[in-house]
Amino acid sequence: ERLVDAEVDGDEQAVEAALRPKQLGEFIGQPKVREQLDLVLRAARARGGTADHVLLSGAPGLGKTTLSMIIAAEMGAPIRITSGPAIQHAGDLAAILSSLQEGEVLFLDEIHRMSRPAEEMLYMAMEDFRVDVIVGKGPGATAIPLELPPFTLVGATTRAGLLPPPLRDRFGFTAHMEFYEPAELEQVVRRSAELLEVRTDPEGAVEIAGRSRGTPRIANRLLRRVRDYAQVKADGVITREVAGAALEVYEVDGRGLDRLDRAVLGSLLKLFGGGPVGLSTLAVAVGEERETVEEVAEPFLVREGLLARTPRGRVATPAAWAHLGLTPPQQSSG
Ligand code: ADP
């Protein structure tokens with residue numbers, strides 16, 4: 001259980017729901033996405049019709065589910081929420097599609113993880129608002145066409161590049177969600193603190209934002225842990241000192257690296273002189289699985305410019321030495 005994991009944790013869903021912005025105007029950051037989506041939704045409302053299908057791509061915790069709910073709210077439409085992995089058979093999808101109301105928003109999270117037959121059914125549903133329900137098996141099977149009411153599909157994926165082009169092409173609008181700037185995360189923290197009724201001074205919000213890895217979900221999670229600390233160990237107010245001390249307890253450093261991230265970076269620097277070193281060797285040195293190092297720790301270290309993956313192995317950047325307060329070995333010249 002990592003405090004800085006961007007995936008949602010089962011028992012935080014209720015508190016997350018309470019912190020979700022409800023309207024586009026309340027949604028912080030992503031200025032381009034907001035502007036474009038605003039146009040799409042206004043135009044659809046003006047036509048009195050249903051909004052085009054929307055594809056949201058971006059890392060976990062950046063607000064895809066939140067935006068899908070905002071789309072429904074702005075259209076005054078109900079929303080149905082499901083996910084690719086939950087739809088294994090085309091029949092599962094047919095059941096959902098045929099029960100949609102006119103104008104309803106269908107949010108399909110992890111849309112790249114749908115089964116092939118379901119995906120093919122979705123093509124026709126998106127384009128013609130029609131599905132063929134197959135009745136019977138083998139040579140006697142027949143396709144019964146079923147008309148669907150117009151609906152808006154909002155698909156979410158961590159990587160739009162993973163989607164087959166025929167599916168990608170059926171979205172009228174694609175939004176790429178970026179990691180948030182520190183100033184935007186500060187606003188997220190301030191807004192959430194108000195909703196949670198915890199007093200935060202401006203530097204306290206800066207401190208939490210700076211450790212949130214560009215991700216609102218992590219910002220909100222760190223805020224809740226810092227709030228606990230403020231209530232137990234201080235007078236309930238989140239200052240810079242309180243936030244720093246609280247996150248030290250949870251081993252999240254000033255840049256958002258946690259124990260695992262620092263172990264990987266520390267081994268690379270101290271045991272291998274900054275590399276290059278192979279992934280397997282590095283993993284053994286850290287005492288973790290290869291996959292954990294590669295999939296859990298490295299993506300953020302690479303994004304932060306602390307580690308590079310090269311054909312010869314993993315290499316630390318000068319910023320990595322500086323971050324851990326270590327001096328790189330003297331390069332022998334000539
Ligand atoms: P995703 O679906 O991309 O994993 P979510 O929409 O579930 O992310 O967002 C995770 C949490 O972060 C939610 O509690 C949400 O309120 C908050 N959040 C995400 N984006 C924003 C934003 N732009 N402004 C304010 N809060 C946000």
Side-chain angles (χ1 to χ4, degrees), residues 16-17 19-84 97 100-112 122-130 148-188 190-192 214-217 219:
E16 276 213 337
L19 296 178
R20 277 185 213 289
K22 304 267 186 297
Q23 289 151 10
L24 208 48
E26 256 187 279
F27 194 83
I28 295 159
Q30 312 290 342
K32 271 284 152 235
V33 171
R34 258 191 299 134
E35 186 186 357
Q36 294 166 351
L37 197 55
D38 185 49
L39 285 173
V40 170
L41 299 180
R42 273 172 199 272
R45 280 201 303 263
R47 287 191 302 266
T50 303
D52 270 350
H53 304 306
V54 175
L55 179 63
L56 304 172
S57 80
L62 297 188
K64 298 184 295 298
T65 308
T66 305
L67 265 188
S68 75
M69 292 175 169
I70 288 176
I71 290 171
E74 298 270 344
M75 294 304 293
I79 181 166
R80 182 86 56 94
I81 295 181
T82 185
S83 74
L97 291 171
L100 292 176
Q101 299 174 38
E102 178 161 350
E104 190 157 353
V105 170
L106 174 62
F107 178 59
L108 235 171
D109 202 6
E110 297 187 78
I111 191 169
H112 58 276
L122 192 59
Y123 294 164
M124 202 202 270
M126 290 172 77
E127 198 152 278
D128 303 328
F129 298 112
R130 192 164 64 86
L148 303 174
F151 64 95
T152 298
L153 178 71
V154 179
T157 179
T158 44
R159 288 226 322 264
L162 292 177
L163 288 192
L167 180 55
R168 218 165 43 204
D169 293 348
R170 284 172 167 81
F171 287 95
F173 172 62
T174 300
H176 298 282
M177 319 239 334
E178 307 284 346
F179 286 101
Y180 290 66
E181 297 297 330
E184 295 167 343
L185 289 171
E186 249 174 81
Q187 283 185 55
V188 171
R190 282 219 288 271
R191 177 180 173 276
S192 299
T215 308
R217 168 169 295 135

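Quick caveat, the model's predicted, so the values are computed rather than measured.
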Minimum heavy-atom separation for [X] to [Y], with atom names?
X	Y	value
P150	T50	CB-OG1, 3.8 Å
A175	V33	CB-CG1, 3.8 Å
F129	M126	CZ-O, 4.1 Å
M177	F27	CE-CZ, 4.1 Å
T174	H176	CG2-NE2, 3.9 Å
A77	G103	CB-O, 3.3 Å

Could you check if a side-chain atom of [X] sits within less than 4.5 angstrom of a side-chain atom of [Y], using non-hydrogen atoms only?
X	Y	result
L24	L67	yes
L185	P216	yes
E26	R191	yes
Q101	F151	no
P21	I28	no
F107	I71	no
P31	E184	yes
M75	T152	no

Closer than 3.5 angstrom, by distance alone: can the side chain of [X] be matched with the main-chain N or O of [Y] as a donor-acceptor pair?
X	Y	answer
E74	L41	no
K22	A73	no
R159	H112	no

Nearest-0.5 Å distance, [atom1] of residue [X] to [atom2] of residue [Y]:
X	Y	atom1	atom2	value
R34	K32	CZ	NZ	11.0 Å
L163	D169	CG	CG	10.0 Å
R170	M124	CZ	CE	9.5 Å
T82	D109	OG1	CG	9.0 Å
L106	L97	CG	CG	6.5 Å
I111	L56	CD1	CG	10.0 Å

By the definition side-chain contact (heavy atoms from CB on, under 4.5 Å), identify the one residue from T157, V154, L55, L122 that meets it with L108.
L122
Is it true that atom CZ of R45 has more than 12 heavy atoms of other residues, nucleotides or ligands lying nearer than 6.0 Å?
yes
Whether F171 and H53 hold their rings parallel, tilted or perpendicular, with breakpoints at 30° and 60°:
perpendicular
